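First the structure, in the form of structure tokens, and then the observations on it.
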Amino acid sequence: MCLGIPGKVVEIREGGPLRMALVDYGGARKEACLEYLPDVGLGDYVIVHVGFAISQVDEEEALRTIELLRMLDPEGVELELGTDPDAAAAPGPA
Amino acid sequence: MKYIDEYRDSALARKLIDEIHRVTTRPWALMEVCGGQTHTLVKQGIDEALPKGVRMIHGPGCPVCVTPLEQIDKALAIAARPDVIFTSYGDMLRVPGSTTDLLSLKARGADVRIVYSPLDAVRIAVANPDRQVVFFAIGFETTAPANAMAVAQAAKLGLDNFTVLVSHVLVPPAMTAILESPTCQVQAFLAAGHVCAVMGWTEYEPIAERYHVPIVVTGFEPLDLLEGILMAIRQLEEGRAVVENQYARAVKREGNRTAQETVFRVFEVGERTWRGIGTIPASGYHLRPEFAKFDAEARFDVGDIHTQEHPACIAGQILQGTRTPLDCTAYGVLCSPQKPLGAPMVSAEGVCSAYHAAGRGLAAQTAFPLYDLQKPLGEVVR
Ligand code: SF4
């Protein structure tokens, strides 16, 4: 739960009680809360911990990290993203 | 350790390793605080690529591993109640309590659910107004903003069927406790990058100064770790002891202020017991009195649970970095990821499971000396 994986904000969902986003982690997509990064917008890269975006990173760094993590520690990425299909949003095109 | 070559062949990794060997003139002992970093170090064999005599001591930064047995037993007692839906991060499910674990309870019919985010637990509470939903709020500073927001949301929604079982711990007091220990061998720290992404690193500055210990805020990838190690050894060799930031791409000195505000609105700092280490003052979070109605320990009278670890388990010494899993007589024999005796074998971030996954000390099943101080420096162990 501490790994923290960078992903890209592909959709922002306002209107609910919290500002939420759909974040793409190189294919897998999950919902994340954006309350702690009020300035983040569509297309930005963020590091997400247990469903909350905690810090913003630049695109090049993020892409490199995602690729590296998937290569070096695929199980760690799985574990971090969780395997519960109910919690995940419908996967979009990779 | 099949990935070692992939990253070692990268020109940059090679350069960093060479530079570490070049600047090192003496044996040093460094502690990586975070369990995720331990996992990467061991899995990629980074600790074995360091100069002989440079030793990585694995710190207590695995939240699952330091959650005290009492707290797990409380979780089990609450989860066993028929009116309760018990929710938790997946990592906690197999952690052995005194007599059972959450997964076995679930198999016996308890309603135990894995959630990815604590907000999922709040949603479950909204959807099940006739059931009590309890979330096991564990972790270091990295999960605190998420867990705090879940409580704040429950308060905003006026939920009276949502509570949290809090077992939150903090990194800086643990570092201080390690430094205060008379058997402390740690000469420099790699601080956990994502903990600092939330909290910043101002809390580490007085520690570096007071104990004259270099602290390098470090990321999680092999190259981050190598660079963090290099920066720490440079400081040691030059006799400096300051806080430096290797992980500048994600961490600012002040951290994430917005997240800190919510954390301190919901939680206050207080004493916490660490599995294997004991009680450390001001080392964790408790709910503030305003949020007391969301405290699972108050809602469900779980009584005073006192417990004892498995006698063979030396997790406490391992978590403090004075021994390695190879010193444990149960390691790989009585204790394995399939049948864990202690928490460090359960969690992927635990030292024992990291060693086991990398096959360390399993072939011969004899403890071998990991670090040979006699060998000349500058030699890469393959
Ligand atoms: S190997 Fe198992 S019994 Fe030994 S210290 Fe690690 S968790 Fe405890």
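Keep in mind it's a predicted model, so treat the numbers as computed, not measured. Convention: sequence-line order gives letters A, B, ...; per-chain numbering from 1.
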* Can you tell which part of B:Gln153 gets under 4.5 Å to a heavy atom of chain A, answering side chain, backbone, both or neither? =>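 Looking at B:Gln153, just its side chain touches chain A.
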* With a 4.5 angstrom heavy-atom cut-off, could you sort out which part of B:Lys156 is near chain A: side chain, backbone, both or neither? =>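 B:Lys156 touches chain A through side-chain heavy atoms alone.
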* Hey, which of B:Ser347, B:Pro118, B:Ser117, B:Gly35 has the most heavy atom pairs under 4.5 Å with chain A? ->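 Most pairs with chain A among the choices: B:Ser117.
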* What residue in B:Asn147, B:Leu119, B:Leu157, B:Val198 has the most heavy-atom pairs under 4.5 Å with chain A? ->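 Highest number of heavy-atom pairs under 4.5 Å: B:Leu119.
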* Checking A:Gln56 against chain B: side chain, backbone, both or neither under 4.5 Å from a heavy atom? ->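 Looking at A:Gln56, just its backbone touches chain B.
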* Check whether A:Phe52 gets within reach of chain B through its side chain, its backbone, both or neither, counting any heavy atom under 4.5 Å. =>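 When you check distances to chain B, only side chain atoms of A:Phe52 fall under 4.5 Å.
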* To do: Check for a donor-acceptor pair, side chain of B:Gln37 on one end and backbone N or O of B:Thr218 on the other, with a separation under 3.5 Å.
  =>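 Looks like yes, one N/O pair under 3.5 Å.
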* Flag for B:Glu32-B:Thr38: side-chain donor and acceptor within less than 3.5 Å ->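 There is such a pair between these side chains.
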* Asked: Do you see a donor-acceptor pair shorter than 3.5 Å between the side chains of A:His49 and A:Tyr36?
  ->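 Short answer, no.
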* How would you list, by chain and number, every residue that makes a ring pair (Phe, Tyr, Trp, His ring centres under 6.0 Å) with B:Phe189, sequence neighbours excluded? ->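 Ring pair (Phe, Tyr, Trp, His ring centres under 6.0 Å) check on B:Phe189 returns nothing, list empty.
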* Identify, with sequence neighbours excluded, every residue that meets side chain to side chain contact (heavy atoms under 4.5 Å, CB included) alongside A:Glu14. =>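 Listed in chain order: A:Ile12, A:Arg19.
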